[in-house]
Amino acid sequence: QGIDLLDENDKLVPKVKEVLALMAETDMVLGIGHQSTKERLIVTREAVKMGVKRIEVNHVNYPLTWLTPEQCKLFADLGAYLGIYAIDVGRFYTIDDLMAIYQAVGPERIVFGSDCGHIANPHPIDSMRMLILSFLQSGVPDDHVKLMCQTNAYNLLH
């Protein structure tokens, strides 16, 4: 059923702190996805303070959890990776939206994912191919694309 992350004073509830402490102790990856920007920022700041070293803010380019380039930079400056997902380029966002995030954050803190395979979405391989091609056609160097597709994901998981 889930839990509330914040109390009425915008402080993390004790259960969230328990989870973050366990994550820091066991070097787990914190994936923050469908919460509000305020909740994600508060959780990320506390996670960093508590010693969580590997954090991904998911769905930065999805309408329900959209982050501006400036907000993405704020999370990246805290050490989080920003998850740009290839869920229907052109339907939910434009390549210009993604280029603004890329230019604000740089490739060092971006990870690509597909988030596809649902019945109403393209095949994950096709969607990733479209995302990668969009970045390459926008002039992003091959080594930056490799960083966002492979290296950063590897570093996040290991």
Side-chain angles (χ1 to χ4, degrees), residues 1-2 5 16 19-20 22-24 26-48 51-158:
Q1 114 190 27
L5 301 179
V16 174
V19 170
L20 293 177
L22 179 62
M23 295 183 85
T26 58
D27 195 28
M28 295 175 73
V29 177
L30 172 61
I32 306 172
H34 293 103
Q35 299 80 17
S36 70
T37 301
K38 176 175 76 172
E39 288 171 310
R40 289 184 286 172
L41 188 55
I42 291 170
V43 170
T44 300
R45 284 183 172 148
E46 187 65 24
V48 169
V52 177
K53 300 206 181 341
R54 298 181 296 146
I55 301 169
E56 181 192 353
V57 181
N58 315 126
H59 291 294
V60 301
N61 60 310
Y62 187 68
L64 296 176
T65 54
W66 190 268
L67 293 179
T68 66
E70 297 78 19
Q71 290 167 329
C72 287
K73 175 87 168 91
L74 183 61
F75 282 99
D77 288 346
L78 289 169
Y81 287 94
L82 290 299
I84 291 180
Y85 296 160
I87 185 165
D88 224 353
V89 179
R91 186 170 128 205
F92 295 121
Y93 55 88
T94 68
I95 192 62
D96 290 339
D97 294 327
L98 300 184
M99 287 299 103
I101 294 169
Y102 168 79
Q103 290 169 1
V105 173
E108 296 81 8
R109 286 284 154 192
I110 294 173
V111 292
F112 285 171
S114 80
D115 200 20
C116 285
H118 311 88
I119 196 161
N121 292 322
H123 190 279
I125 293 173
D126 295 334
S127 63
M128 283 296 288
R129 189 176 289 129
M130 288 173 49
L131 179 65
I132 291 166
L133 186 58
S134 295
F135 269 73
L136 292 171
Q137 289 176 334
S138 296
V140 174
D142 290 357
D143 60 326
H144 287 197
V145 171
K146 183 177 180 180
L147 190 65
M148 295 181 287
C149 287
Q150 293 176 318
T151 309
N152 292 345
Y154 178 86
N155 291 340
L156 184 62
L157 293 175
H158 292 97

Yes or no on side chain to side chain contact (heavy atoms under 4.5 Å, CB included) for I95 and F135, after CA distance, side-chain angles and deciding distance? CA-CA 8 Å; I95 192 62; F135 269 73; 4.1 Å; yes
D126 and R129: salt bridge (Lys or Arg N to Asp or Glu O under 4.0 Å), yes or no, with the steps? CA-CA 5 Å; D126 295 334; R129 189 176 289 129; 3.3 Å; yes
Walk me through it: do M99 and V140 pass the test side chain to side chain contact (heavy atoms under 4.5 Å, CB included)? CA-CA 9 Å; M99 287 299 103; V140 174; 3.8 Å; yes
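- Just one residue in the list I55, T44, V57 forms a side chain to side chain contact (heavy atoms under 4.5 Å, CB included) with L78, and that residue is T44.
- Summarising the geometry, atom CG belonging to L67 is positioned 9.5 Å from atom CG belonging to L41; distances are rounded to the nearest 0.5 Å.
- Pairing each heavy atom of G31 with each of N58, the nearest pair is C-OD1, 3.6 Å.
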Go through D77 and K73 one step at a time and tell me if the salt bridge (Lys or Arg N to Asp or Glu O under 4.0 Å) criterion holds. CA-CA 6 Å; D77 288 346; K73 175 87 168 91; 2.7 Å; yes
Which is it for V43 and L30 under the side chain to side chain contact (heavy atoms under 4.5 Å, CB included) test, yes or no, and what are the steps along the way? CA-CA 10 Å; V43 170; L30 172 61; 4.0 Å; yes
Stepwise side chain to side chain contact (heavy atoms under 4.5 Å, CB included) check, V60 with F75: CA-CA 11 Å; V60 301; F75 282 99; over 6 Å; no
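- A donor-acceptor pair is defined here as one N or O able to donate and one able to accept, closer than 3.5 Å; such a pair exists between the side chain of Q35 and the backbone of G33.
- For the pair P124 and S114, the tightest heavy-atom approach, listed with the atom from each and the gap, is CB-OG, 3.5 Å.
- Atom CG of L157 and atom CZ of R54 lie 7.0 Å apart (nearest 0.5 Å).
- Between Y102 and I84 the shortest side-chain heavy-atom distance does not fall below 4.5 Å.
- Between the N152 side chain and the I110 main chain, a donor and an acceptor come within less than 3.5 Å of each other.
- Heavy-atom minimum distance, T26 versus M28: OG1-CG, 3.0 Å.
- Separation of atoms NE2 (H59) and CG (L64) is listed at 9.5 Å; rounding is to 0.5 Å.
- From M148, atom CE reaches atom CZ of R109 across 14.0 Å, with rounding to the nearest 0.5 Å.
- Note that OG1 of T37 is 11.0 Å distant from CD1 of I32, once rounded to the nearest 0.5 Å.
- Around the CG atom of L136, the shell of radius 6.0 Å holds more than 12 heavy atoms that belong to other residues, nucleotides or ligands.
- Under the 4.5 Å side-chain criterion, counting only non-hydrogen atoms from C-beta, N61 is in contact with L98.
- The aromatic rings of W66 and Y93 sit tilted, their planes meeting at an angle between 30° and 60°.
- Atoms CD1 and CD, from I101 and E70 in turn, are 10.0 Å apart once rounded to the nearest 0.5 Å.
- No donor-acceptor distance shorter than 3.5 angstrom exists from the side chain of S127 to the backbone of C116, with no hydrogens or angles considered.
- Counting heavy atoms from C-beta outward, E46 and V16 have side chains that stay 4.5 Å or more apart.
- Under the 4.5 Å side-chain criterion, counting only non-hydrogen atoms from C-beta, R40 is not in contact with L5.
- For Y62, there are no side chain to side chain donor-acceptor pair (under 3.5 Å) partners two or more places apart in sequence or in a different chain.
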